[in-house]
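Predicted, not measured: the structure shown is a model, and the values here were computed from it. Throughout, numbering of the chain's residues begins at 1 and tracks the sequence.
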Amino acid sequence: MDSKPSPSSGRYENSKKPYLSKSVSDANSHSQSLASILNNPHAGKSDGWWWPSNFSSLPVVPEFTPLNPLPKPGSDITRTDFFPYITSFSDPFSRFHDIQQHSKSSLLDDQNGENALVACLREVPALYFKEDFHLEDGATFKAACPFRTTPENLVMQEKLSQYLDVVELHLVREISLRSSSFFEAQGQLEDLNSKIVEGCKRIRELKETIRLLDTNLVGPARELQDLNVKRSDLVALQNKLKLIIYVNQALSTLNLLVASADCAGALDVTDDLQHLLDGDELAGLHCFRHLRDELATSIDSINSILSAEFMRITIQETGNMDATITSKFKARATIAINGESHEVKLDEETSNFRDRLLPFVIGLLRTAKLPTLLRIYRDTLTADMKTAIKTAVEELLRVLVAQPLDSDFVAGERVVDTDGGSSSLASRLRSLPPENFVQLLKAIFMIVQAHLVQASEVKKTIEWIICHLDDHYAADSVAAAIALGAAAAETVSESDGQSTTFSPSSNFSRAFTIQEKGNDATTMSNLSRNFRADILRENTEAVFAACDAAHGRWAKILGVRAPIHPKLRLQEFLNIYSITQEFITATEKIGGRLGYSIRGTIQSQAKAFVDFQHESRMAKLKAILDQENWAEIDVPDEFQTIVTSLFSSKSDNSGHADDDSAGTATSKTEVVRSSSDPSMVDAGLPNISHNTEQTDSTSTHPDITAQSNDTKSRERGRSSPRVLSFGGVAYHMVNCGLILVKMLSEYVDMNNSLTGLSSEVVHRVVDILKFFNTRTCQLVLGAGAMQVSGLKSITSKHLALTSQVIGFTYTIIPEIKRILFLRVPETHKGLLMLEVDRVAQDYKVHRDEIHSKLVQIMRERLLVHLRSLPQIVESWNRQEDTDSQPSQFARSITKEVGLLQRVLCRTLHEVDVQAIFRQVVIIFHSQISEAFSRLDISSRQARQRAYRDVQHLLGCIRSLPSDSKSNPLNWGQLDEFVEQNFGAEASQ
């Protein structure tokens, strides 16, 4: 049974085949890969590896590089080129070839053995190869030994022996096939055992060597090192103790410097301590665990001292100036604003002020607190200026309100408050007379100017320290302080972004770290540039804020009196407007900030003033026109002066705005009185009475005969009146015309002074000119004066004077336009010029209508007389010609024409008179010749009397003024009528 072949031997053979096949495939696919060759089966016992000992020195196939390029295509490459390489690998390759051959032969043997084993298994029954084969089992024994007789038993034993021989034969064959590998493995194990023994021996030798080295060499060196470390620790301890002593002394010195307000020295000490805190020197020292907090407290104290001194120098010293200015005004000191400079100088020279401020600015730069302090300075400066203005107003009101008021000031608007406690500040401001209010504004002006000049000097000093300190002894200190402050400011910004609580010492710690790390010049330059820009921006904003506060307070004071200012006289308001404009100009020049709020306030008040003055003048002009009796008056010298000064120069007449208000008021009062004085009215001039019975016209008709004697007597008893001259031409004026001239001069003054409202002033001038023209037309041409002013009739004298006033106004309108439009913006000139030109055209039309009215009056009078001509001619035919004089008809006509000629020639210009009478002559020629041609003049005496009247009328016509050079004697249809009908009488 034991001689049966084992199944494991077959599995061993089967497991070997894949290994050999894999080795062969690897050897075939990687002919140059030495790592795939395993153990040499034919090597000796001493060396189980067939790997060549000189493998590392074997040549490698050369690489083809740019310096050793591939052979060009087509070049001759022979086997001899690779001979060195093949030679170096010939021996290993031959061994590798033997292995391949051995593998192939083993594979064939395995295949033959497998076939033999299969044949063996076929010879031996399968029963004996079962896993559960046990002869003890009855069924198995019966199946394996089915004999029943002795011969059968012998035969069975013979078969079993044969089976055993077959199995043993095959086992011996398998063992012989595997003996080579077995002994090879055994040789390798023996070689490995010998190497392990040799390795253990070498380890014992190395341990002994190490022990000897440790004893003789390493031990003393280690001891020396320990002693050196101990010495270093003792030296470090000594330095640490010295550092502790230094820090204690520095803290004591820092407290003394802070107590003595030596901020520069204290900052130097804090810098040293900060460097220590930033390093590792004080790390782990429990005694200095509160050093950072103490340093932060000291830095806060230093900042407080620097801030207080900065505020004292920049703000608090101006309090003395405020007190001086206030006391000066209380003492009624005369301070003129116009024509004088109001430079407020500092107590010290500029260089002294800079030297005083320099150390504090450097200290604030080192602590990076200058931008923050400038923000505090801005708020403090603004509050201080507001307080100074309020205090000055309260103190000066006690003096100014108690003064007597002008007679022109409205008593009802004043609240008497000498104590300053019974009424509000606003009511007391409103109760001030205009002159006192201007004095108050002057005081505020100087106080604000003092504060702004001081603030401007502070701004210039800081800019000088930050930007222009190149050649100064402190230039290096300022540069270092800016660099340190920039780093600290950058640290503060980072701390703000990371946490909400931080200390000054931690900021400085980070700042020093940034400085140490910031060796990059570009980074430090950018930080310094941003820090400088921040300081300069806050520095400028402080002056801007102060300027805005001053503008706001001034605008608020003006706003309190907003209801009063429009009612002031022109000069009073111009004083307030002028000082406000000077205040705006001065503050904008010092502070560099445009005063939008105060400009808006003064412009709105100026517009309200212009509107109110225009409304009051329109109402006044309407009242004067309604009371006007249209009588000629003597022109006072003031009005001639106004016209001369206003229109004599062709240049800008802006200087005319400051006329004497008292003289103007006086002349205006005299003119107004003259309008109601009966002695100034020429009652003897020809008049025009309403004839309600006339149906052909609603106009008036002259009643010259009834007034002629009275007119002659009045003309003998009075001298020629004074006229108003313009451009070499004299104009006869009435009261309303002079009032209009004065109003126009005031509008010109407003235009020159209120330059921002020139367009508004031009609009108002157009309105008042339109109103005057329209109302005059209604009163004179429309005969409205008979109802409103009580005139009994509208005379030709009234018409002539109205023509003079309208003609004068029409003449000065171009000059008024030229003067007003000097201030009008170009964008508004186009429409305004059209408006003014339209008004001028209306005046020209009005004057022409007055002249046409005079011609119409004469025509109507002529027609009245011509209606009685048929009865007169009929009487001529019945009566004898005993009278050699012209008839009453002819004498009446010539008398009325002569009277109209005298009135017009004395009042109107020669050109206007000639134009009027040229039309009168044409009417006389046509109407008289037509009337005589319709009559039946048959008798000789009638013809003689008619010829006499016609000659009398022709003489009157030829005596009238004429503007025709070709017909100076006024020839016309009547002359032709005489030649045709009275030739015989003319020849006698």
Side-chain angles (χ1 to χ4, degrees), residues 303-330 342-348 350 352-354 356-357 360-361 364 369-398 420 425 429 440-463 535-560 583-584 586-593 595 597-598:
N303 286 330
S304 300
I305 295 172
L306 292 173
S307 301
E309 288 298 318
F310 183 87
M311 291 296 182
R312 182 184 64 80
I313 295 175
T314 56
I315 292 181
Q316 296 177 6
E317 292 183 355
T318 57
N320 297 330
M321 299 185 198
D322 298 343
T324 302
I325 295 171
T326 305
S327 61
K328 187 175 182 180
F329 273 88
K330 281 185 177 180
H342 302 280
E343 295 290 337
V344 180
K345 298 182 179 180
L346 298 174
D347 295 335
E348 296 81 12
T350 302
N352 186 23
F353 181 78
R354 290 178 176 179
R356 292 174 58 200
L357 203 59
F360 302 106
V361 174
L364 292 169
K369 290 296 181 182
L370 186 56
T372 304
L373 180 62
L374 287 176
R375 285 189 285 270
I376 299 173
Y377 165 71
R378 176 188 62 195
D379 299 337
T380 306
L381 178 64
T382 302
D384 184 71
M385 179 171 291
K386 292 179 180 179
T387 303
I389 294 174
K390 183 177 181 181
T391 302
V393 171
E394 289 177 348
E395 292 182 1
L396 291 175
L397 280 178
R398 295 189 182 96
L425 191 66
L429 280 173
L440 177 64
L441 292 180
K442 292 177 182 178
I444 296 174
F445 188 176
M446 298 198 69
I447 290 173
V448 169
Q449 197 173 24
H451 283 262
L452 288 181
V453 168
Q454 179 79 358
S456 177
E457 190 63 29
V458 172
K459 173 177 174 289
K460 293 177 182 178
T461 301
I462 293 177
E463 290 177 350
I535 293 173
L536 295 177
R537 182 179 63 255
E538 295 295 340
N539 187 31
T540 305
E541 286 296 329
V543 182
F544 285 171
C547 192
D548 291 340
H551 291 166
R553 287 294 171 177
W554 191 285
K556 187 175 182 180
I557 293 174
L558 292 179
V560 170
F583 174 80
I584 294 173
T587 52
E588 289 179 350
K589 181 179 179 181
I590 297 173
R593 173 66 67 91
S597 61
I598 188 173

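Distance CG/L429 to CG/L396: 10.5 Å, rounded to 0.5 Å. Note that the CE atom of M385 and the CG atom of D548 stand 10.5 Å from one another [nearest 0.5 Å]. Rounding to the nearest 0.5 Å gives a distance of 9.0 Å between CD1 of I462 and CG of L536. One distance of note links CZ of R375 with CD of E541; it measures 11.0 Å at 0.5 Å rounding. Atom CG of residue D384 and atom NZ of residue K386 lie 12.0 Å apart, to the nearest 0.5 angstrom.
For E588, the salt bridge (charged side-chain N to carboxylate O under 4.0 Å, His left out) test picks out R599, with sequence neighbours left out. With sequence neighbours excluded, the residues satisfying side-chain contact (heavy atoms from CB on, under 4.5 Å) with F583 are F445, V448, A550, H551, W554, T587, I598. By the salt bridge (charged side-chain N to carboxylate O under 4.0 Å, His left out) test, R378 pairs with E538, sequence neighbours left out.
Of all the heavy atoms in T314 and Q454, the pair that sits closest is O-CG, 3.2 Å. Here the closest heavy-atom approach between residue Y377 and residue A455 is recorded as OH-CA, 3.6 Å. A pairwise comparison of heavy atoms in L381 and A542 identifies CD2-O, 3.9 Å as the closest pair. In terms of heavy-atom proximity, S597 sits nearest to G552 at OG-N, 4.3 Å. Across L440 and V393, no two heavy atoms sit closer than the pair CD1-CA, 4.1 Å.
By the 4.0 Å N-to-carboxylate-O rule, R398 lies too far from E394 to be salt-bridged with it. With salt bridges taken as basic N to acidic carboxylate O contacts below 4.0 Å, one links R312 and E309.
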Check step by step if side chain to side chain contact (heavy atoms under 4.5 Å, CB included) holds for I389 and I557.
CA-CA 10 Å; I389 294 174; I557 293 174; 4.2 Å; yes

Which is it for M311 and T380 under the side chain to side chain contact (heavy atoms under 4.5 Å, CB included) test, yes or no, and what are the steps along the way?
CA-CA 9 Å; M311 291 296 182; T380 306; 4.0 Å; yes

Set out, in order, the CA-CA distance, both residues' side-chain angles and the distance that settles side chain to side chain contact (heavy atoms under 4.5 Å, CB included) for F310 and L374, then state yes or no.
CA-CA 10 Å; F310 183 87; L374 287 176; 4.2 Å; yes

